[in-house]
Amino acid sequence: MVEFRIDRRSGVATYLQIAQQVEQALRLGLLMPGDQLPTAREVVAATAINPNTVLKAYRELDRAGLVEARPGMGTFVRRSLARPGAAADSPLRAELAAWADRARAAGLDRGDVTALVTSVVDEAYGCRTPGAQGGSGGNPTGHADEGTG
C-alpha cells in the first residue's frame, strides 16, 4: 500500500504530489495492476488534506489511464509503468543507493545531490538547458509522456 508524504513547502500542488507518488510507485513496481489505492478517507486520515484533493489526484491518474475508479469499490491500478531496471529490488537501485550513501558521507546534502543527479540525467537524456528540470509537457503527473497513450 502507498503511504503518501505531503510536503506543504514544496510549491507543488498537493494533488500533483499524490499523483506523482502513485506514478513513482508504479514505476518502481510497488503498485501493480489490480492493486487498490488507499481510499480518500484513508488518505485524509493519514495526511490531513481535503478529500477533494485526493479525488482530484485520482481523477488525474484516471485520465492518464493509470487507474480506474470502480463505484462503491474504490480506485484500482489499471496498468504498470515498471521496467526491470527501475524495480525497487534492481541492481541499478542498489548501485544508486550505494552512491547516495557515498554522497552523504562526502558531506553533500539533499539539495546538492538533487542538483547533481538532475544535471547528470539532463545530460544523459539530451536536455540542453543548463539546470533544466524536464518540463511536464502538459502531463498532469508532471512527467514526460512515454508514448503509451
Side-chain angles (χ1 to χ4, degrees), residues 1-105 107-118 120-122 125 131-149:
M1 174 100 25
V2 176
E3 291 184 28
F4 296 111
R5 298 164 316 282
I6 305 303
D7 182 353
R8 298 180 197 299
R9 291 179 273 157
S10 73
V12 176
T14 303
Y15 82 96
L16 283 177
Q17 290 183 51
I18 292 171
Q20 289 168 352
Q21 289 174 42
V22 169
E23 184 177 339
Q24 182 177 2
L26 290 169
R27 288 186 183 282
L28 295 174
L30 301 174
L31 285 173
M32 299 302 290
D35 287 349
Q36 184 174 5
L37 295 182
T39 65
R41 183 176 298 204
E42 291 168 337
V43 177
V44 167
T47 62
I49 61 173
N50 188 303
N52 290 326
T53 301
V54 179
L55 296 175
K56 183 174 183 178
Y58 286 7
R59 278 193 306 274
E60 291 296 322
L61 292 162
D62 190 8
R63 275 196 273 273
L66 300 175
V67 302
E68 64 181 327
R70 297 181 191 160
M73 296 178 64
T75 302
F76 294 82
V77 173
R78 182 179 293 168
R79 66 184 176 97
S80 175
L81 296 175
R83 296 184 186 177
D89 61 350
S90 76
L92 286 174
R93 188 185 195 298
E95 289 176 36
L96 186 56
W99 179 87
D101 288 343
R102 289 193 310 274
R104 180 182 243 180
L108 298 179
D109 67 17
R110 186 182 186 106
D112 297 330
V113 169
T114 300
L116 184 56
V117 169
T118 298
V120 170
V121 169
D122 285 349
Y125 287 89
Q133 294 195 14
S136 69
N139 185 321
T141 58
H143 295 281
D145 218 1
E146 299 284 328
T148 57

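All of these numbers come straight from a predicted model, not from anything done at the bench.
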Side-chain heavy atoms of [X] within contact of [Y], under 4.5 Å:
X	Y	answer
Asp62	Arg78	yes
Trp99	Val113	yes
Val2	Leu30	no
Phe4	Leu37	no

Would you compute the distance between atom [atom1] of [X] and atom [atom2] of [Y] and round it to the nearest 0.5 angstrom?
X	Y	atom1	atom2	result
Gln36	Thr75	CD	OG1	7.5 Å
Gln24	Leu81	CD	CG	11.5 Å
Lys56	Leu16	NZ	CG	7.5 Å
Arg104	Asp112	CZ	CG	12.5 Å

Of all heavy-atom pairs between [X] and [Y], which one has the smallest distance, and what is that distance?
X	Y	result
Ala19	Ala57	N-CB, 4.2 Å
Glu42	Thr39	OE1-N, 2.8 Å
Val12	Gln20	CG1-OE1, 4.1 Å
Tyr58	Val67	O-CG2, 3.8 Å
Pro51	Ala40	O-CB, 4.5 Å

- Message: Between the side chains of Arg5 and Glu3, is the shortest nitrogen-to-carboxylate-oxygen separation below 4.0 Å, so that they form an ion pair?
- Response: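 Answer for the salt bridge query: no.
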- Query: Is any side-chain N of the basic residue among Arg27 and Glu23 closer than 4.0 Å to the acidic one's carboxylate O?
  - Reply: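 Salt bridge: yes.
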- Show your reasoning for whether side chain to side chain contact (heavy atoms under 4.5 Å, CB included) applies to Arg41 and Val54. CA-CA 9 Å; Arg41 183 176 298 204; Val54 179; over 6 Å; no
- Message: Using a 3.5 Å distance criterion without hydrogens, assess whether the side chain of Gln17 forms a donor-acceptor pair with backbone atoms of Asp7.
- Response: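 Yes.
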- Message: Going by the rule side-chain hydrogen bond (donor to acceptor under 3.5 Å, both in side chains), which residues pair with Gln21 if we only count those two or more places apart in sequence or in a different chain?
- Response: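 So Gln21 forms no side-chain hydrogen bond (donor to acceptor under 3.5 Å, both in side chains) with any residue.
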- Is the number of heavy atoms from other residues, nucleotides or ligands under 6.0 Å of Arg70 CZ greater than 12?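 For Arg70, atom CZ is crowded (more than 12 foreign heavy atoms under 6.0 Å).
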- Message: Go through it in stages, so that I can follow the logic: the residues are Ile18 and Ile49, the test is side chain to side chain contact (heavy atoms under 4.5 Å, CB included), and I'd like the CA-CA distance, side-chain angles, deciding distance and then a yes or no.
- Response: CA-CA 11 Å; Ile18 292 171; Ile49 61 173; 3.5 Å; yes
- Let me know which of Asp35, Leu61, Leu31 forms a side-chain contact (heavy atoms from CB on, under 4.5 Å) with Leu26.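 Of the listed residues Asp35, Leu61, Leu31, the side-chain contact (heavy atoms from CB on, under 4.5 Å) partner of Leu26 is Leu31.
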